[in-house]
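As structure tokens, the structure follows; a few thoughts come after it.
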Amino acid sequence: MSNQPLIAPSILSADFSRLADEVAAVRGEPGRGADWLHVDVMDAHFVPNLTLGLPVVKSLLATTDLPVDCHLMIERPDHWAIGYAEAGSHNVTVHVEAAEDPVMLAKDLRAAGAKAGLAIKPNTPLEPYLDVLAHYDTLLVMSVEPGFGGQTFIADVLGKVRTARRLVDTGHLNLMVEIDGGINADTIEQAAEAGVDCFVAGSAVYAATDPAHAVEALRSQVEAVSERST
Ligand code: DX5
Ligand code: ZN
């Protein structure tokens with residue numbers, strides 16, 4: 001069984017000139033709005049896009065009490081990720097394709113007080129990293145190629161979600177399964193059925209007239225799936 005579902009709006013699709021307001025816009029009703037705030041850090045090397053870095057994350061941490069979920073799409077995460085943990089991020093996710101020593105990195109992130117997350121791109125298999133994942137708190141399954149919001153959901157990655165869900169449910173792994181990319185009203189139910197715990201949504205939330213309502217509506221869809229399966 002999945003944990004209580006979490007909805008994590010991605011500010012990649014927010015208006016960067018009004019970030020504090022955009023963060024406040026996803027709060028919603030108590031217990032119904034955003035659970036985590038997903039922050040996409042891109043370095044124009046690991047991905048062909050450039051977003052923001054540690055100074056902006058520090059400003060966000062000072063402006064909200066929402067748990068901040070940093071998704072580092074950067075090269076040399078072994079060097080850079082620790083700063084995001086030390087700043088007070090709730091969860092810091094690095095890409096397995098970029099990390100040199102993912103086990104040591106997870107230990108460092110946890111020692112700095114953060115949860116450690118490992119992200120895998122759509123074409124990266126899960127099996128070679130099962131031992132590594134024993135050291136992680138979250139597995140982020142990318143359901144688009146990292147780099148941009150508003151792309152089409154790649155349903156093929158749900159096989160990896162199902163595998164991870166099974167390994168968690170049978171006690172072989174102890175982590176939260178997160179999905180990122182193309183999550184919206186049309187795709188979230190299949191992700192929920194596959195066993196996702198934490199749903200990142202960027203354009204589906206921030207392109208909506210009422211972002212908090214969009215978060216609540218996504219949560220209701222996930223809840224409807226879990227009610228059907230019990
Ligand atoms: C893409 C980012 C995502 C992005 C998702 O590389 O990691 O977090 O914001 O945006 P949507 O939900 O629009 O696909
Ligand atoms: Zn992301």
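Reckoned from all heavy atoms, side chains included, excluding hydrogens, waters and symmetry mates. Each ligand, and each atom within it, is numbered from 1 in the order the structure gives.
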Give every pair formed by an N or O atom of ligand 1 and a protein N or O atom closer than 3.5 Å, one pair per line with both atom names and the distance to 0.1 Å, or write none.
{"unit_1": "ligand 1", "atom_1": "6 (O)", "unit_2": "G147", "atom_2": "N", "d": "2.7"}
{"unit_1": "ligand 1", "atom_1": "7 (O)", "unit_2": "D40", "atom_2": "OD1", "d": "3.0"}
{"unit_1": "ligand 1", "atom_1": "7 (O)", "unit_2": "H71", "atom_2": "ND1", "d": "3.2"}
{"unit_1": "ligand 1", "atom_1": "7 (O)", "unit_2": "D180", "atom_2": "OD2", "d": "2.9"}
{"unit_1": "ligand 1", "atom_1": "8 (O)", "unit_2": "H38", "atom_2": "NE2", "d": "3.3"}
{"unit_1": "ligand 1", "atom_1": "8 (O)", "unit_2": "D40", "atom_2": "OD1", "d": "3.1"}
{"unit_1": "ligand 1", "atom_1": "8 (O)", "unit_2": "D40", "atom_2": "OD2", "d": "2.9"}
{"unit_1": "ligand 1", "atom_1": "8 (O)", "unit_2": "D180", "atom_2": "OD1", "d": "2.7"}
{"unit_1": "ligand 1", "atom_1": "8 (O)", "unit_2": "D180", "atom_2": "OD2", "d": "3.0"}
{"unit_1": "ligand 1", "atom_1": "9 (O)", "unit_2": "S10", "atom_2": "OG", "d": "2.8"}
{"unit_1": "ligand 1", "atom_1": "9 (O)", "unit_2": "D40", "atom_2": "OD2", "d": "3.1"}
{"unit_1": "ligand 1", "atom_1": "12 (O)", "unit_2": "G202", "atom_2": "N", "d": "2.8"}
{"unit_1": "ligand 1", "atom_1": "13 (O)", "unit_2": "G150", "atom_2": "N", "d": "2.8"}
{"unit_1": "ligand 1", "atom_1": "13 (O)", "unit_2": "S203", "atom_2": "N", "d": "3.0"}
{"unit_1": "ligand 1", "atom_1": "13 (O)", "unit_2": "S203", "atom_2": "OG", "d": "2.6"}
{"unit_1": "ligand 1", "atom_1": "14 (O)", "unit_2": "G182", "atom_2": "N", "d": "2.8"}

* **K121 NZ/CZ over F46 ring centroid, <6.0 Å and within 45° of normal** => yes
From the list L66, V68, N91, V200, side chain to side chain contact (heavy atoms under 4.5 Å, CB included) with W36 holds only for N91
K160 atom NZ, over 12 foreign heavy atoms within 6.0 Å: yes
Output field for angle at the Zn ion (ligand 2), H71.ND1 vs D180.OD2, rounded to 10°, should show 90°
*asked:* Do the side chains of R165 and E193 get close enough for a salt bridge, i.e. N-O under 4.0 angstrom?
replied: no
- prompt: Does D169 pair with R166 as a salt bridge, N-O distance under 4.0 Å?
  reply: no
Would you kindly say whether H90 and D69 are connected by a side-chain donor-acceptor distance under 3.5 Å?
no
Does the side-chain hydrogen bond (donor to acceptor under 3.5 Å, both in side chains) test come out yes or no for T51 and D40, once each step is laid out?
-> CA-CA 7 Å; T51 54; D40 291 300; over 6 Å; no
Of all the N, O or S atoms in D40, the one nearest to the Zn ion (ligand 2) is OD1
